[in-house]
There are 2 protein chains.
Amino acid sequence: MPELPFTLDQLRILKAIAAQGSFKKAADLLYVTQPAVSLQIQNLEKQLEITIFDRGGRKALLTEAGRLLLEYCERILNQCDEACKAIEDLNSLKGGTLVIGASQTTGTYLMPRMIGLFRQKYPDVSVQLQVHSTRRTGWSVANGQIDLAIIGGQLPGDLENLLQVIPYATDELALVLPSKHPLSNKKELLKEDLYKLNFVTLDSQSTTRKVVDKLLKDSGLDIQRLKIEMELNSLEAIKNAVQSGLGASFLPVVSIERELAAGTIHKVFIADLEVKRELKLITNPSRYTSRASEVFKKNILPQFASLESPLRES
Amino acid sequence: MPELPFTLDQLRILKAIAAQGSFKKAADLLYVTQPAVSLQIQNLEKQLEITIFDRGGRKALLTEAGRLLLEYCERILNQCDEACKAIEDLNSLKGGTLVIGASQTTGTYLMPRMIGLFRQKYPDVSVQLQVHSTRRTGWSVANGQIDLAIIGGQLPGDLENLLQVIPYATDELALVLPSKHPLSNKKELLKEDLYKLNFVTLDSQSTTRKVVDKLLKDSGLDIQRLKIEMELNSLEAIKNAVQSGLGASFLPVVSIERELAAGTIHKVFIADLEVKRELKLITNPSRYTSRASEVFKKNILPQFASLESPLRES
DNA sequence: GAGTCTCCATTAATTTAAATTATTCAAATA
DNA sequence: TATTTGAATAATTTAAATTAATGGAGACTC
């Protein structure tokens with residue numbers, strides 16, 4: 001790899017002299033002294049083994065070699081300016097990309113609203129949302145493919161230490177019934193009532209399903225006795241199934257806001273049982289945090305966080 | 001004019017690290033120490049207020065900002081390389097332009113051969129020949145529009161001091177007669193014989209004409225008594241006129257080599273009279289001398305110079 | 001899982017380079 | 001010829017880069 005025979009400063013000086021037609025004026029323009037300019041040009045001429053300026057008369061005139069160099073000089077300096085601008089844009093969030101990871105639920109119901117708000121504030125940052133399993137999302141954050149993510153499940157142990165995990169919000173998994181279900185007008189059910197219901201659930205691989213199962217089990221219920229009508233792999237499908245009267249389900253409240261308002265499904269409380277899960281923000285502390293990521297974490301997330309979230313403080 | 005937030009060296013280092021995936025390897029590649037690389041990148045990051053590399057693991061990975069900068073970096077460095085190559089080409093005469101000035105005579109009969117030889121040796125240098133009066137050529141050399149010139153006449157006094165004038169060759173202005181002229185078979189004429197001839201001459205403005213007039217006058221001839229059949233402004237026209245038997249003329253020998261060989265015109269000597277003029281090389285010592293000009297002066301001109309020329313020495 | 005190796009960051013000391021001031025030189029203007 | 005303006009030069013000061021040595025964190029070895 002060859003050494004560079006000139007510096008950007010020298011090119012800048014060359015350009016200034018060419019524009020001003022004088023070493024002195026160029027020096028004034030660049031806020032340096034005239035000898036500094038003279039020396040830099042001398043160095044440049046020495047290194048390139050060419051004469052750049054005719055210093056004959058009152059004005060400094062370009063030689064042929066000087067004109068040739070000036071052409072490249074202009075192009076190079078323009079590229080530099082452009083690079084600076086691009087970097088500035090990136091810093092001021094007028095560009096760049098933010099990659100957000102999320103689980104199915106948050107990715108479907110929460111993230112779109114967050115991203116909408118973010119894009120409203122920073123329309124020039126392109127945002128990419130990657131909806132994957134908790135596990136895969138965790139790994140993506142670990143190796144830098146994702147800037148930050150919201151997950152609802154439990155990370156594998158090794159990732160737990162590697163990543164920064166901040167409790168972000170509490171997501172209630174509400175028991176919902178078809179609106180014409182006999183139990184749907186009751187304010188509160190007993191745990192035992194659950195055994196009378198037919199459930200439409202997520203498939204058993206899903207993090208949300210696992211969370212629900214664990215909570216029900218922990219509260220003393222025998223989940224084997226619960227009747228599962230069908231297992232679907234999409235929350236939307238489950239919602240439709242419930243609305244169609246096919247059964248009950250535990251669904252994240254964020255996913256059924258519209259349906260609850262429209263009255264097409266009913267949410268019922270269960271005595272002594274709250275099915276809730278912690279949504280957690282995960283980031284990779286050992287990796288570079290982009291401005292966009294920083295801003296998203298500081299300004300956007302708190303607006304959607306529940307009251308208990310540590311993010312509320314910032 | 002804003003200060004530049006980075007240097008070419010920094011960009012070079014950035015590129016090397018990105019290519020090698022390691023600070024150390026980049027340092028080795030660039031023949032500098034590792035801390036030098038680290039510091040340069042730190043400065044770059046500080047100045048641009050961005051993080052360029054993820055130094056998390058074993059490898060140095062580019063951040064988004066880093067990738068953005070690298071793109072510009074490559075473009076800028078490419079331009080720099082191109083500029084270097086262009087300058088090198090210019091230095092090694094693989095490019096550039098040589099502007100040569102000449103009077104009518106040398107421009108028509110001498111220069112084309114010289115330029116041919118030059119172009120044979122340096123086919124990538126474009127050569128421009130400007131045929132003008134001695135006066136105008138002198139001024140063009142003075143203000144740098146012409147790199148070097150061969151003139152046959154006398155420069156205005158003010159230019160004489162400003163420019164470097166080197167005697168280059170002696171150009172004989174031979175007396176030529178139509179081949180069927182009664183005097184054309186004589187070996188030598190007497191000065192008085194000139195009064196018997198009809199002359200076809202250049203117009204009285206021309207330098208060559210003035211030179212001839214002066215020499216004849218100095219040798220004791222009364223130029224008023226010489227019969228001038230016609231005045232033409234082109235040597236070629238005069239040659240044709242002589243060949244057609246319209247009269248005699250003093251013509252530069254270089255311009256009539258072919259005609260003498262073919263015997264279509266005759267050259268005759270005059271006793272006690274040599275009509276000769278000095279062809280002079282003029283250059284501008286206060287101006288930059290291009291490589292092409294240097295080479296032309298040193299390598300090409302001597303090959304066509306007469307024995308007495310100082311250029312023969314070099 | 002302890003040790004070693006590799007790689008990046010940091011610090012201090014030296015060296016090198018660059019900018020500045022002051023001065024000289026040259027050319028153009030009056 | 002005297003005066004002014006611009007560029008080159010010399011010497012000092014100042015800043016910056018390099019070197020060398022140290023420290024720390026991850027990765028491979030046994």
Side-chain angles (χ1 to χ4, degrees), chain A residues 3-14 16-47 51-63 66 142-144 158 161-163 284-288, chain B residues 3-14 16-47 51-63 66 142-144 158 161-163 284-288:
Chain A
E3 294 229 342
L4 290 171
F6 48 77
T7 69
L8 284 179
D9 278 321
Q10 286 171 340
L11 296 187
R12 223 156 57 95
I13 291 172
L14 164 62
I17 299 176
Q20 302 288 319
S22 152
F23 280 47
K24 176 147 186 52
K25 282 182 190 154
D28 293 342
L29 187 71
L30 298 171
Y31 301 109
V32 291
T33 55
Q34 172 265 314
V37 170
S38 284
L39 284 174
Q40 287 292 354
I41 294 297
Q42 280 171 35
N43 289 341
L44 190 54
E45 291 182 327
K46 218 180 295 169
Q47 283 164 333
T51 308
I52 297 173
F53 288 103
D54 261 332
R55 290 116 158 134
R58 201 166 261 291
K59 280 206 283 189
L61 289 172
L62 283 168
T63 62
N143 63 31
D158 41 351
N161 307 323
L162 202 63
L163 304 178
N284 188 339
S286 67
R287 284 204 168 264
Y288 160 67
Chain B
E3 294 229 341
L4 289 172
F6 48 77
T7 69
L8 284 179
D9 278 322
Q10 287 170 341
L11 295 187
R12 223 155 59 94
I13 291 172
L14 164 62
I17 299 176
Q20 303 289 318
S22 151
F23 280 48
K24 173 132 187 60
K25 280 181 191 156
D28 293 343
L29 188 70
L30 298 171
Y31 302 107
V32 291
T33 55
Q34 173 267 316
V37 171
S38 282
L39 281 174
Q40 288 290 357
I41 294 297
Q42 279 172 37
N43 289 340
L44 191 53
E45 292 183 327
K46 218 180 296 170
Q47 282 163 334
T51 307
I52 297 173
F53 288 103
D54 261 333
R55 292 120 159 129
R58 196 153 207 52
K59 280 205 284 187
L61 288 172
L62 282 168
T63 62
N143 62 31
D158 41 355
N161 307 322
L162 201 64
L163 304 179
N284 189 338
S286 67
R287 284 205 167 261
Y288 158 67

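Sequence lines set the chain letters: A, B, ... in the order given, protein chains first and strands last, and positions in each chain run from 1. Note that the structure is predicted; figures quoted are calculated from it, not measured.
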Colleague: Considering the terminal five base pairs at each end of the helix from C/dG1-D/dC30 to C/dA30-D/dT1, what angle separates the two local helix axes, rounded to 10°?
Modeller: 30°

Colleague: Look at the side chain of B/P35 and decide which nucleotide, out of C/dT21, D/dT19, C/dA19, has an atom nearest to it.
Modeller: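 Nearest to the side chain of B/P35 among the choices is D/dT19.
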
Colleague: So, A/R12 and A/D9, do they make that salt bridge, N to O below 4.0 Å?
Modeller: yes

Colleague: Between D/dA8 and A/S38, is there an OP1 or OP2 to side-chain N/O distance shorter than 4.0 Å?
Modeller: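 Result: yes.
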
Colleague: Expressed in angstrom and rounded to an integer, what is the separation of A/K24 atom NZ from D/dT4 atom C1'?
Modeller: 13 Å

Colleague: If only atom types and distance count, is the side chain of B/Q47 paired as donor or acceptor with the main-chain N or O of B/F6 below 3.5 Å?
Modeller: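 A pair under 3.5 Å: no.
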
Colleague: From CD1 of A/I41 over to C1' of C/dA19, roughly how many Å is that when rounded to an integer?
Modeller: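 Answer to the nearest Å: 15 Å.
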
Colleague: Quickly work out the A/E45 CD to D/dA8 C1' distance and round it to whole Å.
Modeller: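 Between C1' of D/dA8 and CD of A/E45: 12 Å.
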
Colleague: Give the rounded distance in Å between these two atoms: CG of A/L39 and P of D/dA8.
Modeller: 9 Å

Colleague: Return the nearest nucleotide to the side chain of B/N43; candidates are D/dA8, D/dA17, D/dT18.
Modeller: D/dA17

Colleague: A/D54 vs A/T63, test: side-chain contact (heavy atoms from CB on, under 4.5 Å). Steps then yes/no.
Modeller: CA-CA 6 Å; A/D54 261 332; A/T63 62; 4.2 Å; yes

Colleague: Specify the separation, in whole Å, of atom CZ of A/F23 and atom C1' of C/dT20.
Modeller: 18 Å

Colleague: So, does B/Q34 get its side chain near the phosphate of D/dT18, meaning an N or O under 4.0 Å from OP1 or OP2?
Modeller: no

Colleague: Nearest 0.5 angstrom please: A/L44 CG to A/Q40 CD, how far?
Modeller: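 If I round to the nearest 0.5 Å, the distance is 8.5 Å.
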
Colleague: Are B/S38 and B/Q34 close enough, and set up right, to give a side chain to side chain donor-acceptor pair (under 3.5 Å), and what steps lead you there?
Modeller: CA-CA 6 Å; B/S38 282; B/Q34 173 267 316; 2.8 Å; yes

Colleague: Step by step, would you call A/L62 with A/L14 a side-chain contact (heavy atoms from CB on, under 4.5 Å)?
Modeller: CA-CA 10 Å; A/L62 283 168; A/L14 164 62; 4.1 Å; yes

Colleague: Reckon B/S22 has a side-chain N or O less than 4.0 Å from the OP1 or OP2 of C/dC8?
Modeller: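 Checking B/S22 against C/dC8: at least one side-chain N or O falls below 4.0 Å of OP1 or OP2.
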
Colleague: Would you classify B/V37 as touching base, sugar-phosphate or nothing, given that sugar-phosphate means primed atoms plus P, OP1 and OP2, and contacts are heavy atoms under 4.0 Å?
Modeller: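 Counting heavy atoms under 4.0 Å across all strands, no contact is made by B/V37.
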
Colleague: When the distance from CG of A/D54 to P of D/dA7 is rounded to whole Å, what number comes out?
Modeller: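 Atom CG in A/D54 sits about 13 Å away from atom P in D/dA7.
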
Colleague: Whole angstrom is fine here: how far is it from NZ in A/K25 over to C1' in D/dG6?
Modeller: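 For the pair A/K25 NZ and D/dG6 C1', the rounded distance is 10 Å.
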
Colleague: Is the backbone N or O of B/A142 less than 3.5 Å from a side-chain atom of B/N284, with the two atoms forming a donor-acceptor pair by type?
Modeller: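 The answer is yes, because a donor-acceptor pair under 3.5 Å joins these two groups.
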
Colleague: Measure CG/A/D28 against P/D/dG6 and give the value in whole Å, please.
Modeller: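 It is 9 Å, rounded to the nearest whole Å.
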
Colleague: Would you say the side chain of B/Q42 and the base of C/dA9 hold a donor-acceptor pair, judged only by whether the two atoms sit under 3.5 Å apart?
Modeller: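 Side chain to base: no pair present.
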
